[in-house]
Protein chains: 2
Amino acid sequence: MSDAQKGPVFTEIVLEVFKLGGLLVSEGDRMGSEYGITSARWKILGALSLAGEPQTVPQIAGSMGLTRQAVQRLVDAMQKDNLLLFQDNPGHKRAKLISLSDLGKTVYSKLYDKQSGWAKTCSAGITQAELETTLSVLERISGAIDR
Amino acid sequence: MSDAQKGPVFTEIVLEVFKLGGLLVSEGDRMGSEYGITSARWKILGALSLAGEPQTVPQIAGSMGLTRQAVQRLVDAMQKDNLLLFQDNPGHKRAKLISLSDLGKTVYSKLYDKQSGWAKTCSAGITQAELETTLSVLERISGAIDR
DNA sequence: GGCGAATTGACAACATGTTGACAACCTCGG
DNA sequence: CCGAGGTTGTCAACATGTTGTCAATTCGCC
């Protein structure tokens, strides 16, 4: 199989990633609106929950592939809305440690449940193997761009 | 194989789509900067080229999964930069037909060549079958959300 | 200990996307 | 023919991301 045919498929994947990204943001906004949360804020909650321990802004940014400035703005706004807690960082005066507040934990937990049902609906008719191949391919493409 | 395991993989795909989307936008901006073009503008050029005939703003928006307002703003700016041509639409006084100018065609062609080499590098080590599975899965997920 | 380099927070300017609203235009059924 | 309802362009407000810059802080090496 010649590589020549991979170009067009690759281009279609790129366009589909753009399109799907937009749809996922809209869907996330819709699901989160009940709790006054947007897709971007949801991602922050997820990153903190996944990490399991308080994180600094640059750490969150790194794990999500965003700039620290973008994360900083979201985090500042979310603290004002009582979704996050800032703690002093022993050993670094400027870089505060950020963790989920009780409200943040509650909201994330409810969103997780809501998302689980939605994910099941969306992946109906797609096999586990297909999903795993897709994830692997997307990760390899990300990796090829990153370095 | 139980469906229960599909949820976590699905969630990872969602996060990877967000991350990859960001990387692709940056990469597109980088490649287009030589011609004074951004990822968003590139997508407009691509949509018009793919259509093969002049399109209205709502038509472009539909094919790209964006709102007509977002497309309108890009298209207006691109006409000012001589990348696009507006033609009167016989049969509709408001909805102008938009097509690539000579400059637009030239720029798109050069970007296409540039992107081809890049796509080959990115897809190194990924089989045609894997790429096709990925595209199919992404399209099915989009489809599941859309309706 | 101290100095140069890297990290971090803060602020600004900009690009790109959304939603909402309004008026002008088009279409189609009665 | 005409009026109701959908389509289109336009404008505004906002959310989210980027890059660039600056000062404060921290880190690593001598």
Side-chain angles (χ1 to χ4, degrees), chain A residues 17-33 36-45 47 54-62 64-81 83-84 86-98, chain B residues 17-33 36-45 47 54-62 64-81 83-84 86-98:
Chain A
V17 165
F18 285 145
K19 191 169 183 173
L20 183 52
L23 286 172
L24 289 172
V25 167
S26 297
E27 196 64 14
D29 287 349
R30 196 184 60 72
M31 280 194 277
S33 65
I37 241 183
T38 60
S39 289
R41 290 176 174 218
W42 190 348
K43 283 192 279 180
I44 300 279
L45 295 180
Q55 302 275 296
T56 64
V57 164
Q59 282 174 329
I60 299 173
M64 297 202 309
L66 300 179
T67 60
R68 65 197 167 80
Q69 291 92 329
V71 172
Q72 186 86 51
R73 180 166 36 183
L74 279 165
V75 155
D76 287 345
M78 289 170 75
Q79 188 221 15
K80 276 189 188 142
D81 289 350
L83 290 163
L84 303 180
F86 286 3
Q87 309 164 240
D88 281 341
N89 187 347
H92 201 303
K93 206 172 290 181
R94 303 198 91 206
K96 291 193 181 128
L97 285 173
I98 298 154
Chain B
V17 165
F18 286 146
K19 192 169 183 175
L20 183 53
L23 287 172
L24 288 173
V25 167
S26 298
E27 196 65 13
D29 287 349
R30 195 185 60 72
M31 281 196 275
S33 65
I37 241 184
T38 60
S39 288
R41 290 175 173 218
W42 189 349
K43 282 192 281 182
I44 300 280
L45 295 181
Q55 302 274 296
T56 64
V57 165
Q59 281 174 327
I60 298 172
M64 298 201 311
L66 300 180
T67 61
R68 65 197 168 82
Q69 292 93 328
V71 172
Q72 187 85 52
R73 181 167 29 178
L74 280 165
V75 154
D76 287 345
M78 290 171 76
Q79 189 221 14
K80 276 189 188 143
D81 289 349
L83 290 163
L84 303 181
F86 286 4
Q87 308 164 241
D88 282 341
N89 187 347
H92 201 301
K93 207 170 292 183
R94 303 201 93 206
K96 291 197 181 125
L97 286 172
I98 298 154

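All heavy atoms count here, side chains included; hydrogens, waters and symmetry mates do not. Chain A is the first sequence line, chain B the second, and so forth, proteins listed ahead of strands; every chain is numbered from 1. Bear in mind that the values here come from a model prediction, so they are computed numbers and not experimental data.
At the phosphate of C:dT18, OP1 or OP2 sits under 4.0 Å from a side-chain N or O atom of B:T67. At the phosphate of C:dG17, OP1 or OP2 sits under 4.0 Å from a side-chain N or O atom of B:K43. At D:dT18, none of the side-chain N or O atoms of B:S26 fall inside 4.0 Å of OP1 or OP2 (strictly under the cut-off). Proximity of B:Q69 to the phosphate of D:dC11: no side-chain N or O atom is located under 4.0 Å from OP1 or OP2. Here A:T38 does not reach the OP1 or OP2 of D:dA15: none of its side-chain N or O atoms lies under 4.0 Å away.
Atom pair B:R30:CZ and D:dG17:P shows a separation of 22 Å (rounding to whole Å applied). As rounded to whole Å, 15 Å separates atom P of C:dT8 from atom CG of A:D76. For A:D88 and C:dT8, the CG to C1' distance is 15 Å, given to the nearest whole Å. Put simply, CZ on B:F18 is 18 Å from P on D:dA15, counting in whole angstrom units. We find that CD of B:Q79 is positioned 14 Å from C1' of D:dG9, with the value rounded to whole Å. The CG-P distance, from B:L66 to C:dT19, rounds to 11 Å in whole Å.
B:L24 contributes atom CG, which lies 8.5 Å from atom CE of B:M31 (distance to the nearest 0.5 angstrom). How far CD of A:E27 is from CG of A:L20: 10.5 Å, rounded to the nearest 0.5 Å. Going from atom CZ of B:F18 over to atom CG of B:L23 covers 14.0 Å, rounded to the nearest 0.5 Å. Note that CD1 of A:I60 is 7.5 Å distant from CG of A:L84, once rounded to the nearest 0.5 Å.
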Protein-nucleotides 26-28 of chain C N/O pairs under 3.5 Å:
unit_1	atom_1	unit_2	atom_2	d
C:dC26	OP1	B:K93	N	2.4

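Within the nucleic acid shown, A:V57 comes within 4.0 Å of sugar-phosphate atoms alone, with no base atom in reach, counting heavy atoms only. Base contact: B:A70 has a heavy atom under 4.0 Å from a base atom. Counting non-hydrogen atoms under 4.0 angstrom, B:A40 reaches the backbone sugars and phosphates but no base.
Comparing B:V71 and B:R68 against DNA chain C, the residue whose closest nucleotide sits nearer the 5' end is B:V71.
When all heavy atoms of B:A77 and B:R41 are compared, the pair lying nearest together is CB-NH2, 3.5 Å.
Checking D:dT18, C:dG17, D:dT10 against every side-chain atom of A:R73, the shortest atom distance belongs to D:dT18. Checked against D:dG9, D:dT16, C:dG9, the side chain of A:Q72 finds its nearest nucleotide in C:dG9.
Using modelled atom types, no side-chain atom of A:T38 and backbone atom of A:D29 make a donor-acceptor pair closer than 3.5 Å.
Put simply, the side chain of A:L97 does not reach to within 4.5 Å of the side chain of A:F86, judged on heavy atoms.
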